[in-house]
There are 2 protein chains.
Amino acid sequence: MSSRAVQDTEGQDAAVVGCSTRAIRALVAELHKRMDAHQRGRSADFDLTPTQAKALEELGRPKTARELAAVLYCEPPNVTYVVDKLEKRGLVVREPHPQDRRAKQLVLTEEGRELRLELLRRIGRDSPLAHLSREERAVLREQLVRALDGAQA
Amino acid sequence: MSSRAVQDTEGQDAAVVGCSTRAIRALVAELHKRMDAHQRGRSADFDLTPTQAKALEELGRPKTARELAAVLYCEPPNVTYVVDKLEKRGLVVREPHPQDRRAKQLVLTEEGRELRLELLRRIGRDSPLAHLSREERAVLREQLVRALDGAQA
DNA sequence: TATTGTTATACTCTATAACTATA
DNA sequence: TATAGTTATAGAGTATAACAATA
């Protein structure tokens, strides 16, 4: 990132200079891209697509398909799609729901739980944020929470 | 977001509590999602897909197709795809490159320049960050830059 | 021989609609 | 009648391979 001055409204560098909304959007997008690329890479290390990895993470506790759809921000048919693949690999099983016979509980197998923990460990190590001290991460977190707080969901 | 305590490694709430790498990843992803949704919505207001809008933004200065591909993080065929649509709407023209007759300069038309500025103005207004003061944005920006600084690209 | 942009094509991901079995 | 999950299908969006023009 160069630090060429803000010359005009047309310059693309205006996006990363100053503290305009647009500048912050560019920075958030860049940070997200790096963390996402990191997670994508580590997921691939275990032959998991990013969505499969996210599903595995979220199934630390059993969930129904709809609950999983909610946290993955996707529609139920996609959960079927993802869970099919995890089930074929023996990482997840569909169990009958104790209260509602229409629903199913998605539960990690022993192998699924192990892979989940390995994945989380791997993602945490050599993360794009590894160079920050605990204090720096706390400050960053504080600012992110503040930014999210007043924003409309 | 509840504030249930960090109970164990399996709890999904561990993702948003504390200042672990994972917690920050979740926060960055959430903020990015909101800003992205906002931009998607404002782009749609002008009948632009997010990628078309991003291309329009980046063409504040003329670029070749490969340069545009680089900033859009995509492959050249997709640039052809996007530029085709922008050109049909009269927002962009493909001009011969002055130095290299293989390449083309992608240049905004007068209409394209106007739409670009309207779009940027619209995105800046009522942004998800509008509730932050100028000082708060400055602090947030400072932390984001720090996080990006040492991270491997 | 390498590179620019295009065409043709395939693949991934996600969404909608229709179906079943329960509630 | 409404809801949970599945199936079938279609649509974006993106990627790879082959090609023509030029370097």
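Predicted model only: the values in this text are computed from it and were never measured. Every chain is numbered from 1, with letters handed out A, B, ... down the list of sequences.
- Residues A:His38 and A:Ser127 form a side-chain contact, since some pair of their non-hydrogen atoms from C-beta on lies under 4.5 Å apart.
- Within the 4.0 Å cut-off from OP1 or OP2 of D:dG5, not a single side-chain nitrogen or oxygen of A:Thr80 is found.
- One distance of note links CG of A:Leu115 with CG of A:Leu86; it measures 9.0 Å at 0.5 Å rounding.
- For the pair A:Gln105 CD and D:dA4 C1', the interatomic distance rounds to 13 Å; values are reported in whole Å.
- Residues that satisfy the side-chain hydrogen bond (donor to acceptor under 3.5 Å, both in side chains) test with A:Arg25, not counting sequence neighbours, are B:Gln39, B:Glu57.
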Ignoring hydrogens and angles, write down the donor-acceptor pairs under 3.5 Å from the side chains of residues 64-71 of chain A, residues two or more places apart or on other chains.
residue	atom	partner	partner atom	Å
A:Thr64	OG1	A:Glu67	N	3.2
A:Glu67	OE1	A:Thr64	N	2.9

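- Salt-bridge check for A:Lys33 with A:Asp36: failed, with every basic side-chain N at 4.0 Å or more from each acidic carboxylate O.
- Using a 4.0 Å cut-off between charged nitrogen and carboxylate oxygen, A:Glu58 and A:Lys54 count as a salt-bridge pair.
- The side-chain hydrogen bond (donor to acceptor under 3.5 Å, both in side chains) search around A:Glu142 returns A:Arg146, not counting sequence neighbours.
- Among B:Glu95, B:His97, B:Lys63, B:Arg94, the single residue meeting the side chain to side chain contact (heavy atoms under 4.5 Å, CB included) criterion with B:Lys104 is B:Arg94.
- The stretch residues 81-102 of chain B touches DNA chain C through B:Arg94, B:Arg102, each having a heavy atom within less than 4.0 Å of the strand.
- With respect to B:Glu110 and B:Arg113, a salt bridge is recorded, a charged nitrogen being found less than 4.0 Å from a carboxylate O.
- Note that CZ of B:Arg116 is 7.0 Å distant from CG of B:Leu56, once rounded to the nearest 0.5 Å.
- Following rounding to the nearest Å, A:Lys104 (NZ) and C:dT22 (P) show an atom-to-atom distance of 10 Å.
- Rounded to an integer number of Å, the gap from CG of B:Leu106 to C1' of C:dT4 is 12 Å.
- The separation between A:Asn78 atom CG and D:dA8 atom P is 16 Å, rounded to whole Å.
- Sorted by residue number, the members of residues 64-74 of chain B with any non-hydrogen atom under 4.0 Å from DNA chain D read B:Cys74.
- Atom NZ of B:Lys63 is separated from atom C1' of C:dG5 by 18 Å (rounded to the nearest Å).
- The stretch residues 40-54 of chain A has no heavy atom under 4.0 Å from DNA chain D, so no residue of it qualifies as close.
- Checking B:Glu136, B:Arg34, B:Met35 one by one against B:Leu129, the side chain to side chain contact (heavy atoms under 4.5 Å, CB included) holds for a single residue, B:Met35.
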